[in-house]
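Predicted, not measured: the structure shown is a model, and the values here were computed from it.
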Amino acid sequence: MQEEEKVIRVSQLKMPLTHTKDALFQELLKVMRISAGRILRFEILKRSLDARRAKDIHYTYTLDVCISDEAGYLKKNQNRNIMPSTTVVYKTKKPVGVPIKQRPVVCGSGPAGMFCAYFLAQEGYRPIVLERGEAVEQRSLTVERFWAGGELDPESNVQFGEGGAGTFSDGKLGTMVKDTYGRIRKVLEIFVQAGAPEEILYQNKPHIGTDRLRTVVAAMREQIKAWGGEFYFGTKLVGLTCRNGQLTGIVLKSGTREWTLATGQLVLAIGHSARDTFGMLSACGLSMEAKPFAVGVRVEHEQEFINRAQYKEAAGLLKAADYKLTHTAENGRGVYSFCMCPGGFVVNASSEPGHLTVNGMSNYDRAGRNANSALVVTVKPEDFTVFPQFTHEDKSAGAVADAAGRMVGTDPLAGIAFQRHYEKLAYQSGQGKIPYQLYGDLLCGRKSSGYGRIVPSHKGAAAPADLRECLPDFVIRTLLCGMRAFDRTIPGYADEEAVFSGVEMRTSSPVRIVRNAQYESSIAGIYPCGEGAGYAGGITSAAVDGIKVYEAIAARYLPEFL
């Protein structure tokens with residue numbers, strides 16, 4: 001799984017904002033007190049921006065360095081920022097066990113499914129990748145037509161299609177996942193091989209951008225195909241066939257054609273928005289549970305304001321600034337910024353007719369006039385039972401009560417019903433367009449009639465509205481409390497002309513598909529994977545989970561077909 005290489009790690013190496021690569025090398029020699037001839041190689045492991053003091057904004061580097069006579073150097077070294085280090089290099093798991101009888105199927109081509117398929121294909125398993133949406137090239141055109149006023153395609157949109165929901169985002173690659181096996185580094189290296197900028201290997205907050213991510217996704221697909229994998233686009237998983245608790249096949253639908261494909265291994269990387277698929281899986285007896293997520297709005301400020309607030313006098317020397325804010329409100333609920341998009345856009349991210357949700361998106365250069373971020377409030381399964389009565393179609397999931405009407409549990413799909421309820425209200429509030437409201441108008445309880453100096457950066461038509469009509473009261477109250485708190489951290493953040501757009505409902509999956517230590521579900525042969533299954537929270541963590549599922553399959557099956 002891992003391979004060790006002896007290196008010296010140099011940390012806390014400070015450099016000015018405008019330094020050159022040669023200046024970095026000279027500073028390394030100065031700190032290590034050695035000659036250039038002793039350096040065999042060095043690489044940047046991490047670069048972060050330290051903007052805590054306005055008068056001293058600088059980069060801080062961590063470098064991995066190989067030198068001649070490493071042991072002799074370390075014996076004399078007295079600098080606590082220079083120490084021995086072991087670089088972990090990811091190695092694919094050697095397949096063991098019995099030969100696999102049919103080709104494994106990966107359902108979903110977001111980061112979890114794509115990386116699982118990538119490793120399966122590389123090791124000779126020749127996976128079949130199912131995707132209900134279009135390939136990324138056609139999908140991008142379909143989404144642009146929708147934003148320009150065209151009809152929503154419920155099978156290929158911002159949520160569904162090659163690359164998953166992250167394709168139309170900022171392409172953030174940061175993660176809180178702890179990794180001792182080198183999987184995260186391997187994910188970044190594969191992205192770079194597929195065309196992502198090399199700087200993502202060492203940036204503290206790496207991102208690719210939606211424009212570059214689309215080409216990276218296509219390159220990964222072509223590599224999987226070159227290794228023997230296949231992609232079935234426009235193909236939807238609509239059923240399972242099982243015998244004695246073991247998967248034997250899957251029912252697929254493409255257009256009017258429906259057929260059964262024999263397989264004993266299905267990777268479920270379906271994403272957080274595959275509501276109809278969750279319903280089918282539940283009806284087939286797959287064990288799942290409701291899980292917390294977060295809901296709220298997108299807020300927009302002028303990017304120049306965020307730059308000045310974060311970087312002060314150095315704002316002109318740096319790229320678009322980001323921020324991360326969190327607060328616990330008086331009611332005990334958490335409110336926080338999520339998926340902040342510097343220089344980006346607020347996009348119509350709907351996937352169901354008559355329902356509306358938003359997301360944020362940035363290009364690689366983050367050159368848009370506005371900064372936007374989700375401002376969201378945590379909701380838990382117990383909240384799914386307290387909102388207004390469902391309409392008939394929303395009653396596909398909800399509270400479970402005994403004969404006396406007392407709550408005895410929550411349907412695992414109740415969070416989906418919760419999302420649908422408020423997405424429908426958002427659609428109605430904006431008359432099919434993105435509903436937006438100025439912060440000052442929301443604060444005063446009045447519907448906006450237009451915008452002020454902050455011109456929203458919407459992808460898709462938008463209309464002024466009253467967001468109190470399409471979010472729970474406790475969410476509104478918590479958001480307002482959060483804005484007051486965030487204004488203390490970033491003075492001016494609670495600008496009355498800041499634009500709120502609603503509703504943000506797809507922060508993470510409302511469902512977790514239960515899996516065991518071998519990564520299998522309650523039906524043997526089915527491997528829940530990634531964000532949709534409830535085991536990841538972003539592009540990188542989903543990709544890592546895809547690698548873990550590949551490892552689980554390789555631990556049981558050899559890629560030799562009978």
Side-chain angles (χ1 to χ4, degrees), residues 103-123 125-136 139 155-169 171 173 183 186-187 190-191 194 213-214 216-225 227-237 240 247 250 252 261 263 265-274 277-278 281 286 351 508-509 511-513 515 519-521 525-554:
R103 296 168 69 181
V105 176
V106 178
C107 184
S109 65
M114 189 69 86
F115 272 84
C116 187
Y118 186 96
F119 280 86
L120 288 170
Q122 186 179 40
E123 298 305 311
Y125 290 87
R126 297 170 52 230
I128 295 171
V129 182
L130 307 178
E131 175 53 60
R132 67 191 295 171
E134 298 169 300
V136 68
R139 179 190 181 198
E155 301 300 337
S156 191
N157 46 62
V158 172
Q159 306 296 344
F160 301 142
E162 187 178 28
T167 302
F168 296 95
S169 70
L173 302 177
R183 297 188 188 101
K186 189 63 176 178
V187 166
I190 290 171
F191 276 140
L213 189 57
R214 299 176 201 184
V216 168
V217 166
M220 288 187 66
R221 176 227 305 154
E222 292 307 310
Q223 181 60 75
I224 291 169
K225 289 168 64 177
W227 285 329
E230 287 186 76
F231 283 76
Y232 294 179
F233 291 108
T235 304
K236 188 173 176 179
L237 176 68
L240 308 174
L247 180 74
I250 54 177
L252 305 178
L261 176 67
T263 185
Q265 293 76 36
L266 171 66
V267 178
L268 279 178
I270 57 178
H272 58 40
S273 295
T277 307
F278 284 125
L281 296 171
L286 205 66
S351 61
S508 65
S509 180
V511 174
R512 177 174 288 109
I513 304 175
R515 70 186 186 190
Y519 294 85
E520 277 187 299
S521 73
I526 295 180
Y527 297 84
C529 181
E531 186 168 347
Y535 297 97
I539 292 173
T540 301
S541 60
V544 166
D545 201 57
I547 296 174
K548 290 178 179 178
V549 169
Y550 146 73
E551 292 169 0
I553 294 172

Mind checking whether Arg214 and Phe168 have side chains closer than 4.5 Å, heavy atoms only?
-> yes
Determine, stepwise, if the pair Arg515 / Leu268 fulfils side-chain contact (heavy atoms from CB on, under 4.5 Å).
-> CA-CA 11 Å; Arg515 70 186 186 190; Leu268 279 178; over 6 Å; no
Heavy-atom closest contact (Pro127 atom, Ala117 atom, distance) | CG-O, 3.6 Å
Ser109 pairs by side-chain hydrogen bond (donor to acceptor under 3.5 Å, both in side chains) with which of Glu162, Glu131, Arg132, Arg221?
-> Glu131
Distance from Met220 atom CE to Leu213 atom CG, nearest 0.5 Å?
-> 10.0 Å
To the nearest 0.5 Å, what is the distance between CD1 (Ile553) and CD (Gln265)?
-> 6.5 Å
Quick one: are Gln223 and Ile190 in side-chain contact, heavy atoms under 4.5 Å?
-> no
Between Thr540 and Leu173, is there a donor-acceptor pair closer than 3.5 Å when you use the side chain of the first and the backbone of the second?
-> yes
Can you tell if the side chain of Gln122 reaches within under 4.5 Å of the side chain of Tyr550, non-hydrogen atoms only?
-> no
Say you draw a straight line from CZ of Phe119 to CD of Glu551; how long is it, rounded to the nearest 0.5 Å?
-> 8.0 Å
Please round to the nearest 0.5 Å and tell me the distance separating atom CZ of Arg139 and atom CD of Glu155.
-> 12.5 Å
Go through the steps for Tyr535 and Arg512 under the test side-chain contact (heavy atoms from CB on, under 4.5 Å), then give the verdict.
-> CA-CA 7 Å; Tyr535 297 97; Arg512 177 174 288 109; 3.7 Å; yes
Write down the atom of Ser169, the atom of Gly166, and the distance for their closest heavy-atom approach.
-> OG-O, 2.5 Å
State, without any angle test, whether Gln159 and Ser351 hold a side-chain donor-acceptor pair at a distance under 3.5 Å.
-> no
Distance-minimising heavy-atom pair for Cys107 and Leu266 | CB-CD1, 4.0 Å
Side-chain heavy atoms of Leu237 within contact of Leu252, under 4.5 Å = yes
Inter-residue atom distance Ile270.CD1 - Glu531.CD, 0.5 Å rounding = 11.5 Å
Examine distances only and state if a side-chain atom of Arg103 and a backbone atom of Arg126 form a donor-acceptor pair shorter than 3.5 Å.
-> yes
Would you say the ring centroid of Phe191 lies under 6.0 angstrom from that of Phe115?
-> yes
Are any non-hydrogen side-chain atoms of Tyr118 and Trp227 less than 4.5 angstrom apart?
-> yes
Taking all heavy atoms of Phe231 and all of Lys225, pick out the closest pair and write down the distance.
-> CD1-CG, 3.8 Å
With side chains defined as the heavy atoms from C-beta onward, is the minimum distance between Leu247 and Tyr527 less than 4.5 Å?
-> no
Quick one: NZ on Lys548 to CZ on Arg183, what's the gap to the nearest 0.5 Å?
-> 5.5 Å
Quick one: closest heavy-atom pair of Ala269 and Ala112, and the distance?
-> CB-CB, 4.1 Å
Tell me, do Leu130 and Ile250 make a side-chain contact under 4.5 Å, heavy atoms counted?
-> yes
For the residue pair Leu281 and Leu240, establish whether any side-chain heavy-atom pair is separated by less than 4.5 Å.
-> yes
If every non-hydrogen atom of Gly171 is compared with every non-hydrogen atom of Ile539, which pair is closest and at what distance?
-> CA-CD1, 3.8 Å
Within the side chain of Ser156, is there an N or O that forms a donor-acceptor pair under 3.5 Å with the backbone of Gly133?
-> no
